[in-house]
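Notes follow once the structure below has been shown.
All values derive from a computational prediction rather than experimental measurement. Chain naming here is simple, since letters A, B, ... match the order of the sequence lines and numbering starts at 1 in each.
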Amino acid sequence: MDQHSLFISQTLIEWYNLNKRELPWRETKNPFKIWISEIILQQTRVAQGYDYYVRFIETFPDIVQLANADEDTILKLWQGLGYYSRARNLHTAAKQVRDNFGGKFPDRYEDILSLKGVGDYTAAAIASFAFDLPYAVVDGNVFRVLSRLFAINTPIDTSAGKRLFTDLANELLDKEQPGEYNQSIMDFGAIQCVPVSPDCTICPLADRCLALSHKQVSLYPVKQGKTKVKERFFNYLDIHFGPNTYLHKRTGNDIWKNLYELPLIETDKDITIEELQNTETFHAILQNVGTISIHPMSFSMKHVLSHRIIYARFYRIEITDDTELKDKYIKTSTSSVGDYAISRLVDRYFEQQGKPTLFS
DNA sequence: AACCCGGGGGC
DNA sequence: GCCCCAGGGTT
């Protein structure tokens, strides 16, 4: 390592020792706990994931107990965090460890990387934090810090960019204390070298930052991708028979896979309740249910995600016969809906039930 | 390489 | 509104 690289890595570690956040998963070398924290924190802020981490560790003290749990239980615990494939993959990986590694978390990089849901970043994080192995992490913080320090114009969301930044990160890596170094550059990015309006006047690396010397800090990191947002239109039926409503499990490779929700009719545009009643799906769901009465007030919501805008309408429908319906759906009392893992969208409906709204 | 997958917070 | 967050999997 040359003198310049050495100065940067030492400065990052010194900064870290003065400014680091104290977090529960930093107090341990237990790979299981570190793994749980890393999966939870993928694309998720510490403040948002903190309570989930505590609950997961309390509920599943070790990886075999997690492996032996039901997926429904894990998804319920994950409810509200988003990116639910993380929870499904977490379960798969726990079973991999139980069945292929004798219940002992693997301690080699390639074995860690073979776990479902563990990619390059997470494998490097676990390998360095738990086992002191010399693998540099490359996450959003590292992309930002390095792209600014070296004024790198290669887009980070390309394979060339990924390769370039990974190589650079590994050159800077302190092989004597890879875990400390990795933590330091990530915390530095999260606290000092923040995405918008960083305070470069107090930055210990200001005099070596090429982006700053060019007054172009805000231009880094460079990205090429622009995630296009598509619209979807969901019409949910809250079918009541006495104190009960009906749920089904989402299957197939789509949003909220394996979560539960009310009977759904998706349309290619926003439609009225009259138009909805003319669809074949509506008739298919509500056949032989006795008398149908639809509440005049519907609940509508615009649910905004990073890659989707879902316009959802909810209709409360009373029926007088559920002998066929209860065989096609999960019959549950409305007070027990909370036993099922549901999306934030459906959750908000149950929170606001009874209050009519426009798309809001 | 492009696309898919959630939800929340900061400005 | 827009951007970002301790990314990974699928096609």
Side-chain angles (χ1 to χ4, degrees), chain A residues 20-21 23-26 34-53 75 78-90 92-93 112-129 135-145 155-163 165-166 169 179 182-191 193-198 218-221 223-230 232 250 252-259 301-310 341-348:
Chain A
K20 66 179 168 188
R21 298 173 287 185
L23 300 167
W25 48 88
R26 284 182 172 166
I34 292 170
W35 167 61
I36 295 287
S37 75
E38 291 303 333
I39 303 298
I40 287 176
L41 292 173
Q42 284 170 8
Q43 296 293 283
T44 304
R45 295 170 194 279
V46 168
Q48 189 185 357
Y50 191 103
D51 291 345
Y52 285 86
Y53 170 82
L75 283 172
W78 201 269
Q79 179 176 319
L81 254 190
Y83 285 153
Y84 297 91
S85 64
R86 290 184 293 173
R88 300 191 301 268
N89 292 338
L90 198 72
T92 301
I112 298 169
L113 187 60
S114 77
L115 300 176
K116 193 84 167 178
V118 175
D120 294 337
Y121 161 76
T122 305
I126 298 170
S128 62
F129 299 159
Y135 292 88
V137 294
V138 182
D139 73 332
N141 293 304
V142 175
F143 278 127
R144 187 168 57 253
V145 171
I156 62 172
D157 52 351
T158 60
S159 50
K162 183 111 196 282
R163 209 160 36 239
F165 281 94
T166 299
N182 279 336
Q183 298 275 20
S184 73
I185 191 169
M186 287 195 292
D187 246 19
F188 184 79
I191 296 170
C193 195
V194 293
V196 180
S197 307
S218 66
L219 299 183
Y220 298 94
K223 287 185 185 175
Q224 74 167 18
K226 43 266 175 192
T227 53
K228 36 191 169 178
V229 178
K230 287 183 187 170
R232 296 177 73 170
R250 288 183 69 86
N253 291 320
D254 194 7
I255 191 171
W256 300 319
K257 179 180 179 180
N258 290 6
L259 271 65
M301 188 171 299
K302 180 181 177 183
H303 192 68
V304 179
L305 304 170
S306 44
H307 64 301
R308 290 281 182 272
I309 298 179
I310 297 173
I342 57 177
S343 69
R344 186 70 183 105
L345 170 61
V346 176
D347 187 37
R348 291 223 299 268

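- Checked against side-chain contact (heavy atoms from CB on, under 4.5 Å), Pro155(A) has the following partners two or more places apart in sequence or in another chain: Asp157(A), Thr158(A), Val222(A), Gln224(A).
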Would you list the atom pairs, donor with acceptor, under 3.5 Å between side chains in residues 116-126 of chain A and any protein atom, with sequence neighbours excluded?
residue, atom, partner, partner atom, Å
Asp120(A), OD2, Lys162(A), NZ, 3.0
Tyr121(A), OH, Glu38(A), OE1, 2.7
Thr122(A), OG1, Gln42(A), NE2, 3.0

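- Nearest nucleotide to the side chain of Tyr121(A), out of dG8(B), dA6(C), dC3(B): dA6(C).
- Sorted by residue number, the members of residues 43-53 of chain A with any non-hydrogen atom under 4.0 Å from DNA chain B read Gln43(A), Thr44(A), Arg45(A), Gln48(A).
- When the ring pair (Phe, Tyr, Trp, His ring centres under 6.0 Å) test is applied to Tyr135(A), the partners found at least two apart in sequence or on another chain are Tyr109(A).
- For Arg26(A) and dA6(C), the shortest distance from a side-chain N or O to OP1 or OP2 is not below 4.0 Å.
- For Arg86(A) and Thr44(A), the side-chain atoms include at least one donor-acceptor pair closer than 3.5 Å.
- Across the C1' atoms, dC5(C) and dC5(B) are found 15 Å apart, a figure rounded to whole Å.
- A search for ring pair (Phe, Tyr, Trp, His ring centres under 6.0 Å) contacts involving Tyr220(A) returns nothing, not counting sequence neighbours.
- Under 4.0 angstrom from either OP1 or OP2 of dG6(B) there lies no side-chain N or O belonging to His303(A).
- Comparing atom distances between the Asp187(A) side chain and each of dA6(C), dC4(C), dG8(B) picks out dA6(C) as nearest.
- Contacts of Arg163(A) classified as side-chain contact (heavy atoms from CB on, under 4.5 Å), with partners at least two apart in sequence or in another chain: Ser159(A), Ala160(A), Asp167(A).
- Remark: the separation of the P atoms in dC3(B) and dA6(C) is 26 Å, to the nearest Å.
- Under the rule for a ring pair (Phe, Tyr, Trp, His ring centres under 6.0 Å), the partners of Phe165(A) that lie at least two apart in sequence or sit in another chain are Phe143(A).
- With sequence neighbours excluded, the residues forming a side-chain hydrogen bond (donor to acceptor under 3.5 Å, both in side chains) with Arg21(A) are Asp187(A), listed by chain and number.
- The side chain of Asp139(A) sits closest to dG7(C) out of dG7(C), dC4(B), dG8(B).
- Of all nucleotides listed (dA6(C), dG7(C), dG7(B)), dG7(C) comes nearest to the side chain of Tyr83(A).
- The side chain of Arg308(A) sits closest to dC5(B) out of dC5(B), dG6(B), dG8(C).
- With sequence neighbours left out, Tyr84(A) forms a side-chain contact (heavy atoms from CB on, under 4.5 Å) with Leu75(A), Trp78(A), Arg88(A), Trp256(A), Leu259(A).
- You'll find that the side chain of Phe129(A) is closest to dA6(C), out of dC4(B), dG8(C), dA6(C).
- With distances taken from any side-chain atom of Thr122(A) to the nucleotides dC4(B), dG8(C), dA6(C), the minimum falls on dG8(C).
- Every residue two or more places apart in sequence or in another chain that forms a side-chain contact (heavy atoms from CB on, under 4.5 Å) with Ser184(A) is listed here: Leu12(A), Ile13(A), Tyr16(A), Tyr181(A).
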When Watson-Crick pairs (N1 to N3 and N6-O4 or O6-N4) and G-U wobble pairs (N1-O2 and O6-N3) count only below 3.5 Å on both distances, what is the dot-bracket string of DNA chain B, with | for other-strand pairs? |||||.|||||
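- When distances are taken from the side chain of Ser306(A) to each of dG8(C), dG7(B), dA6(C), the shortest belongs to dG7(B).
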Check nucleotides 9-11 of chain C for protein N or O atoms closer than 3.5 Å to its own N or O atoms and list the pairs.
residue, atom, partner, partner atom, Å
dG9(C), OP1, Gly117(A), N, 2.7
dT10(C), OP1, Lys116(A), NZ, 3.1

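- At dC4(B), none of the side-chain N or O atoms of Trp256(A) fall inside 4.0 Å of OP1 or OP2 (strictly under the cut-off).
- Of the candidate nucleotides dC4(C), dC5(B), dA6(C), dA6(C) has the atom lying nearest to any side-chain atom of Ala190(A).
- A sub-4.0 Å separation between OP1 or OP2 of dC5(B) and a side-chain N or O of Lys257(A) is absent.
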